Amino acid sequence: QVQLVESGGGLVQAGGSLRLSCAASGRTFSRYAMGSMAWFRQAPGKEREFVSAIRWSGSTTSYADSVKGRFTISRDNAKNTVYLQMNSLKPEDTAVYYCAAASSFVLRADIRAYDYWGQGTQVTVSS
């Protein structure tokens with residue numbers, strides 16, 4: 001089993017910044033062919049939506065149009081951790097943010113492409 005644990009959420013004023021972290025571990029993690037990791041978010045009453053993804057090797061990244069230029073995804077392979085730096089936050093960014101892992105190197109926005117999910121971290125942006 002692969003465990004993903006998110007951290008870094010919180011309450012911030014509009015225009016502020018937060019950095020989310022997602023640490024991967026587990027008994028089978030070393031045998032899991034990690035291809036990519038992603039961040040999704042889900043606001044109350046809405047479907048879970050894609051935010052950003054990154055390949056586990058190389059520099060390929062992908063972003064939703066709504067966060068381009070404001071959010072930056074990165075990773076630290078030595079720490080098995082993916083980060084999401086969120087700047088210029090808006091109230092509409094308020095959601096529970098989830099990280100996910102996939103064996104595919106192809107960066108996908110479809111939740112069905114991901115094998116493992118974290119439990120989420122709340123981000124609240126006040127106006």
Side-chain angles (χ1 to χ4, degrees):
Q1 190 72 6
V2 174
Q3 283 96 36
L4 303 177
V5 178
E6 303 97 334
S7 60
L11 173 64
V12 64
Q13 288 188 333
S17 298
L18 283 173
R19 189 176 82 152
L20 305 183
S21 300
C22 173
S25 63
R27 291 187 303 168
T28 59
F29 176 73
S30 62
R31 298 196 296 272
Y32 178 64
M34 179 78 79
S36 58
M37 292 188 73
W39 289 96
F40 287 75
R41 67 186 181 186
Q42 188 166 19
K46 295 188 176 182
E47 293 186 351
R48 193 169 298 188
E49 64 175 5
F50 172 77
V51 175
S52 182
I54 186 168
R55 287 185 61 169
W56 198 241
S57 62
S59 59
T60 304
T61 59
S62 177
Y63 295 93
D65 288 343
S66 58
V67 306
K68 278 181 183 176
R70 299 189 299 122
F71 291 10
T72 302
I73 192 169
S74 61
R75 69 174 194 275
D76 184 334
N77 292 63
K79 295 182 179 180
N80 296 327
T81 299
V82 171
Y83 305 96
L84 186 69
Q85 178 67 43
M86 305 186 296
N87 299 328
S88 303
L89 282 162
K90 305 175 182 180
E92 51 264 44
D93 294 318
T94 295
V96 177
Y97 283 70
Y98 299 89
C99 71
S103 58
S104 173
F105 284 103
V106 178
L107 302 184
R108 300 183 187 276
D110 187 343
I111 61 173
R112 295 170 295 180
Y114 294 86
D115 303 312
Y116 297 100
W117 292 83
Q119 292 192 334
T121 185
Q122 176 70 47
V123 171
T124 303
V125 184
S126 63
S127 57

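Just so we're clear, the structure is a prediction, and the values are computed from it rather than from any experiment.
With hydrogens and angles disregarded, no donor-acceptor distance shorter than 3.5 Å links the side chain of Ser21 to the backbone of Ser7. Asn80 contributes no side-chain N or O that, together with a main-chain N or O of Ser25, makes up a donor-acceptor pair within less than 3.5 Å. A distance-only check finds no donor-acceptor pair linking the side chain of Ser62 to the backbone of Ser52 [under 3.5 Å]. The backbone N or O of Val125 lies less than 3.5 Å from a partner atom in the side chain of Thr94, making a donor-acceptor pair. Side-chain N or O atoms of Arg55 include none that pairs as donor or acceptor with a backbone N or O of Leu107 at under 3.5 Å. Formation of a donor-acceptor pair under 3.5 Å by the Arg108 side chain with backbone atoms of Tyr114 is not found in this model.
We find the CD-OG distance between Gln13 and Ser126 to be 5.0 Å, quoted to the nearest 0.5 Å. The OG1 atom of Thr60 sits 11.5 Å away from atom CD1 of Ile73, with the distance rounded to the nearest 0.5 Å. One distance of note links CH2 of Trp39 with CZ of Phe50; it measures 12.5 Å at 0.5 Å rounding. Atom SG of Cys99 is separated from atom CZ of Arg41 by 15.5 Å, given to the nearest 0.5 angstrom. Here the straight-line distance linking atom OG1 of Thr81 with atom CE of Met37 works out to 8.0 Å at 0.5 Å rounding. The CD atom of Glu47 sits 8.5 Å away from the CD atom of Gln42 when rounded to the nearest 0.5 Å.
Between Val123 and Gly9, the closest heavy-atom pair is CG2-CA, 4.1 Å. Nearest heavy-atom pair across Ala43 and Ala95 is N-CB, 3.8 Å. Nearest heavy atom pair, residue Ser17 against residue Ser88, reads OG-N, 4.4 Å. The two residues Pro91 and Ser127 have their closest heavy-atom pair at CG-CB, 3.8 Å. The nearest pair of heavy atoms linking Gly35 to Phe105 is O-CD2, 3.3 Å. The two residues Met34 and Ala101 come nearest to each other via the heavy atoms SD-CB, 3.7 Å.
Contact annotation: the side chain of Leu18 approaches that of Leu89 to within less than 4.5 Å [non-hydrogen atoms, C-beta and beyond]. The shortest side-chain heavy-atom distance between Leu20 and Met86 falls under the 4.5 Å cut-off. Looking only at side-chain heavy atoms (C-beta outward), Thr72 and Tyr83 stay at 4.5 Å or farther from each other.
Hydrophobic cluster membership differs between Leu84 and Ile111, with clusters built from Ile, Leu, Val, Met, Phe, Trp and Tyr side chains linked at under 4.5 angstrom. Phe71 and Val12 fall within the same hydrophobic cluster, where Ile, Leu, Val, Met, Phe, Trp and Tyr residues are linked whenever their side-chain heavy atoms come under 4.5 Å apart, directly or through other members.
Checked options Tyr97, Tyr98, Trp117; the residue passing with Phe40 is Trp117 (criterion: ring pair (Phe, Tyr, Trp, His ring centres under 6.0 Å)).
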Exercise. Are Lys90 and Asp93 close enough, and set up right, to give a salt bridge (Lys or Arg N to Asp or Glu O under 4.0 Å), and what steps lead you there?
Worked result: CA-CA 5 Å; Lys90 305 175 182 180; Asp93 294 318; over 6 Å; no
For this session: Evaluate the salt bridge (Lys or Arg N to Asp or Glu O under 4.0 Å) criterion for residues Asp110 and Arg112: first the C-alpha distance (whole Å), next the side-chain angles of each, then the deciding distance (0.1 Å), finally the verdict.
Result: CA-CA 5 Å; Asp110 187 343; Arg112 295 170 295 180; 2.8 Å; yes
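The environment of Gln119 atom CD is sparse: at most 12 non-hydrogen atoms of other residues, nucleotides or ligands sit within 6.0 angstrom.
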